[in-house]
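For reference, the structure is listed below as structure tokens.
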Amino acid sequence: MTSKQTNNSIRPWGRYFVLDESPLYKIKRIEVEPKSRLSYQFHKNRSETWIIIQGEGIVTLEGKNQKIIQGDIITIPKTLKHRIENTGNSKLIFIEVQTGKYFGEDDIVRVEDDYNRIK
């Protein structure tokens, strides 16, 4: 695997690092700050698998909430609405493995967003 940890992006909820990518997949390390959450969203062109490596929180899948902790694995098929929220007092960190045919950030369709990023 070719490390690309210098390829990072700051977001209002935290940040992410692209660890590796190819035409077949993209792998990110995502860090969510305490009491923050990502937008409620879906993707048209990719599926995601999240592996929780630190912290605790809540994952919402199609309107249903479930608690998550270190070691949990969440599978998110293409077009499934999803969100992750850090409910703890330290960073929530997970590895995101994207598979599909397109991995651009413009494949994010936001349904709800705490940071006014819905177009």
Side-chain angles (χ1 to χ4, degrees):
M1 188 175 344
T2 304
S3 178
K4 296 186 179 186
Q5 281 193 321
T6 56
N7 184 0
N8 69 68
S9 190
I10 304 297
R11 293 289 184 261
W13 43 261
R15 63 185 176 164
Y16 70 82
F17 303 86
V18 176
L19 302 176
D20 195 24
E21 59 187 316
S22 84
L24 301 175
Y25 65 85
K26 182 182 269 189
I27 302 172
K28 293 180 178 178
R29 173 190 163 109
I30 299 176
E31 300 179 355
V32 184
E33 293 295 328
K35 312 305 181 200
S36 295
R37 62 184 183 172
L38 281 65
S39 60
Y40 190 46
Q41 62 187 327
F42 67 92
H43 311 286
K44 296 178 182 177
N45 296 295
R46 70 176 184 247
S47 298
E48 296 176 347
T49 300
W50 294 348
I51 303 161
I52 310 304
I53 60 173
Q54 178 182 306
E56 60 186 69
I58 296 173
V59 167
T60 304
L61 301 173
E62 286 295 330
K64 295 181 181 174
N65 294 336
Q66 67 182 67
K67 290 185 179 184
I68 47 108
I69 58 170
Q70 180 182 10
D72 286 346
I73 298 173
I74 310 298
T75 303
I76 305 163
K78 182 172 52 171
T79 73
L80 187 86
K81 291 182 213 138
H82 60 280
R83 161 182 272 163
I84 191 166
E85 177 178 355
N86 182 349
T87 58
N89 294 316
S90 61
K91 284 184 186 176
L92 170 64
I93 302 174
F94 63 100
I95 301 300
E96 176 179 274
V97 179
Q98 302 174 3
T99 55
K101 58 185 180 178
Y102 179 71
F103 309 110
E105 291 298 300
D106 58 346
D107 187 38
I108 297 172
V109 179
R110 290 185 175 92
V111 179
E112 295 175 9
D113 184 66
D114 296 341
Y115 312 102
N116 299 313
R117 297 176 296 169
I118 295 178
K119 296 178 183 176

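Listed here is the closest heavy atom pair of L92 and E56: CD1-N, 3.8 Å. The heavy-atom pair separating G88 from P34 by the smallest distance is O-CB, 3.4 Å. Taking all atoms of both residues into account, the shortest heavy-atom contact from K91 to Q54 is O-NE2, 3.4 Å. When all heavy atoms of H43 and I108 are compared, the pair lying nearest together is CE1-CG1, 3.6 Å. Annotation for P12 and Y115: closest pair CB-CD2, 3.4 Å, computed over non-hydrogen atoms.
Cluster annotation: L38 is connected to I76 through the hydrophobic network of ILVMFWY side chains, with a link wherever side-chain heavy atoms come within less than 4.5 Å. In the hydrophobic clustering of this structure, F103 does not group with V109; members are Ile, Leu, Val, Met, Phe, Trp, Tyr whose side-chain heavy atoms approach within less than 4.5 Å, directly or through other members. Under the 4.5 Å side-chain heavy-atom criterion for grouping Ile, Leu, Val, Met, Phe, Trp and Tyr, V97 is not connected to Y102 through any hydrophobic cluster. Residues L80 and I68 are members of one and the same hydrophobic cluster, defined by side-chain heavy-atom contacts under 4.5 angstrom among Ile, Leu, Val, Met, Phe, Trp and Tyr. Cluster annotation: I10 is not connected to L19 through the hydrophobic network of ILVMFWY side chains, with a link wherever side-chain heavy atoms come within less than 4.5 Å.
Figure legend: cation-pi geometry between K28 and Y16, with NZ or CZ positioned under 6.0 Å from the six-membered ring centre and within 45° of its axis.
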Taking it one step at a time, do Q41 and R117 satisfy side-chain contact (heavy atoms from CB on, under 4.5 Å)? CA-CA 11 Å; Q41 62 187 327; R117 297 176 296 169; over 6 Å; no

For R15 and N8, what are the C-alpha separation, side-chain angles and deciding distance, and is it a side-chain contact (heavy atoms from CB on, under 4.5 Å)? CA-CA 7 Å; R15 63 185 176 164; N8 69 68; 5.5 Å; no

Please lay out, stage by stage, how N65 and E85 fare under the test side-chain contact (heavy atoms from CB on, under 4.5 Å). CA-CA 10 Å; N65 294 336; E85 177 178 355; over 6 Å; no

Would you check, one step at a time, whether the test side-chain contact (heavy atoms from CB on, under 4.5 Å) holds for K35 with N89? CA-CA 7 Å; K35 312 305 181 200; N89 294 316; 3.7 Å; yes

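With a 4.5 Å cut-off on side-chain heavy atoms, K67 and I69 do not count as touching. The shortest side-chain heavy-atom distance between I84 and I74 does not fall under the 4.5 Å cut-off. Side-chain contact between W13 and I30: present, with at least one pair of heavy atoms (C-beta onward) separated by less than 4.5 Å. In this structure, the side chains of E112 and K81 stay at 4.5 Å or more apart for every pair of heavy atoms. Between F17 and E31, some side-chain heavy-atom pair lies under the 4.5 Å cut-off. For the pair E105/S9, no side-chain contact is recorded, criterion being any heavy-atom separation below 4.5 Å from C-beta on. The shortest distance between side-chain heavy atoms of R37 and T60 does not fall below 4.5 Å. Looking at heavy atoms from C-beta onward, I51 lies out of side-chain contact with E96 at the 4.5 angstrom threshold.
The main-chain N or O of G63 is found under 3.5 Å from a side-chain atom of Y40 such that the two form a donor-acceptor pair. Put simply, the side chain of S47 gets close to the backbone of K78: a donor and an acceptor are under 3.5 Å apart. Listed for the D107 side chain is no donor-acceptor partner under 3.5 Å among the backbone atoms of G104. Looking only at distances, a side-chain donor or acceptor of N86 sits under 3.5 Å from a matching main-chain atom of V32.
Distance CZ/R11 to OG/S39: 10.0 Å, rounded to 0.5 Å. Atom OG1 of T99 is separated from atom OH of Y25 by 12.0 Å, given to the nearest 0.5 angstrom.
Salt bridge annotation for R46-E48: present, with a cationic side-chain nitrogen under 4.0 angstrom from a carboxylate oxygen. Salt bridge absent: K64 and E62 never bring a charged side-chain N and a carboxylate O closer than 4.0 Å.
Between H82 and W50, the angle of the ring planes goes over 60°, which puts this pair in the perpendicular group of the 30/60° scheme.
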